[in-house]
Amino acid sequence: MADVLSVGVNLEAFAQAISAIQALRSSVSRVFDCLKDGMRNKETLEGREKAFIAHFQDNLHSVNRDLNELERLSNLVGKPSENHPLHNSGLLSLDPVQDKTPLYSQLLQAYKWSNKLQYHAGLASGLLNQQSLKRSANQMGVSAKRRPKAQPTTLVLPPQYVDDVISRIDRMFPEMTIHLSRPNGTSAMLLVTLGKVLKVIVVMRSLFIDRTIVKGYNENVYTEDGKVTDHATTALLHYQLPQMPDVVVRSFMTWLRSYIKLFQAPCQRCGKFLQDGLPPTWRDFRTLEAFHDTCRQ
């Protein structure tokens, strides 16, 4: 009995169909060879015509026979099941450049890995469910004593502490001046002036930066925000360490200070000072190197 794949393909009939295709191609080639050679090796014209017609008919009968055999085998091969888990992705296996883009083989490997992961996850879930989650009051008391105390993370710090941190940062960067004010009570607002290049408004909640707006030195603060403001907002999301807010503020100010050479530093990728009329406005969070917005990708 022929082996049948789970997807409904008869392997033995499939191999025979391949052989039938080869035989059909050979038969068709002989037909064209017969037409190419024409009438030969006969003395009389009538003899050459009879021999050519007989030979041509034999070749046509061979083509017809091989074609019927191929049609019979194609019905035995079968077709993939409609509920195949990979659905139409099987068409990727027909890619003639399989060695360059082995998508189908990689997809099969990923599908097998996913099935194996699901199987092991089911086993792990069964083992974990067998463990009782109930603990006695004594056990809870012991575990509570051994558990280290969580560090308090309060969002409200004394204003004097915030002032001291900002004052230390101001002394760290001579080319940067920081003016602190509290127009709405305890929340601080910083006006950071970076040489003759930029002015930055930093809105703080205790020692946590809520928002920042970056403008040119002579630019109106009420105009639409530009790229540097977008980059600064991205930097705020990058420098996140709730347990050490003073480190976050110092890291952000160090990153902001790198814009002191906004119009002097070339792009580290393309080496140009201007691209589409703009200087390199992006600064790497780790190295502080300058990049154009399109060159940093």
Side-chain angles (χ1 to χ4, degrees), residues 1-130 269-271 291-297:
M1 187 67 179
D3 295 333
V4 179
L5 285 174
S6 60
V7 293
V9 177
N10 190 326
L11 292 181
E12 182 178 349
F14 189 79
Q16 294 177 0
I18 293 177
S19 299
I21 292 174
Q22 295 174 348
L24 178 61
R25 295 183 64 180
S26 300
S27 301
V28 175
S29 298
R30 287 195 296 269
V31 170
F32 286 104
D33 290 338
C34 178
L35 293 174
K36 180 186 65 175
D37 294 339
M39 298 178 293
R40 293 182 180 179
N41 302 326
K42 293 294 181 180
E43 296 180 356
T44 63
L45 178 60
E46 183 179 357
R48 290 199 301 269
E49 289 180 352
K50 289 182 179 180
F52 173 76
I53 292 174
H55 186 48
F56 186 67
Q57 286 179 346
D58 290 341
N59 290 331
L60 288 180
H61 288 316
S62 298
V63 171
N64 188 48
R65 182 183 65 252
D66 294 339
L67 182 59
N68 291 334
E69 179 65 13
L70 180 60
E71 290 179 351
R72 183 186 68 84
L73 292 173
S74 64
N75 294 327
L76 297 178
V77 169
K79 62 179 181 179
S81 176
E82 294 296 334
N83 58 355
H84 192 273
L86 297 182
H87 300 288
N88 293 333
S89 59
L91 298 177
L92 293 174
S93 62
L94 304 179
D95 191 351
V97 288
Q98 177 68 15
D99 56 333
K100 296 183 180 179
T101 54
L103 295 178
Y104 185 66
S105 58
Q106 293 176 358
L107 188 60
L108 286 177
Q109 184 178 1
Y111 180 76
K112 293 178 181 178
W113 180 86
S114 177
N115 281 345
K116 186 179 294 184
L117 178 64
Q118 184 178 7
Y119 171 73
H120 287 292
L123 294 179
S125 176
L127 292 176
L128 292 176
N129 289 333
Q130 293 176 4
R269 177 65 60 83
C270 67
F291 293 93
H292 289 114
D293 193 34
T294 56
C295 294
R296 67 185 178 93
Q297 303 297 333

Tell me the closest heavy-atom pair linking [X] and [Y], and the distance in Å.
| X | Y | answer |
| --- | --- | --- |
| V31 | V63 | CG2-CG2, 3.6 Å |
| L24 | L67 | CD1-N, 3.9 Å |
| A20 | L73 | CB-CD1, 3.8 Å |

Set of residues satisfying side-chain contact (heavy atoms from CB on, under 4.5 Å) with respect to T294, sequence neighbours excluded: Q275, H292
Non-neighbouring partners of R296 that pass salt bridge (Lys or Arg N to Asp or Glu O under 4.0 Å), sequence neighbours left out: D293
Those residues that, when tested against S19, pass side chain to side chain donor-acceptor pair (under 3.5 Å) (two or more places apart): none
S114 side chain to Y111 backbone, donor-acceptor under 3.5 Å: no
C34 side chain near F52 side chain, heavy-atom distance below 4.5 Å: yes
side-chain hydrogen bond (donor to acceptor under 3.5 Å, both in side chains) partners of residues 53-70, not counting sequence neighbours, each pair once: S27-D66, E69-R72
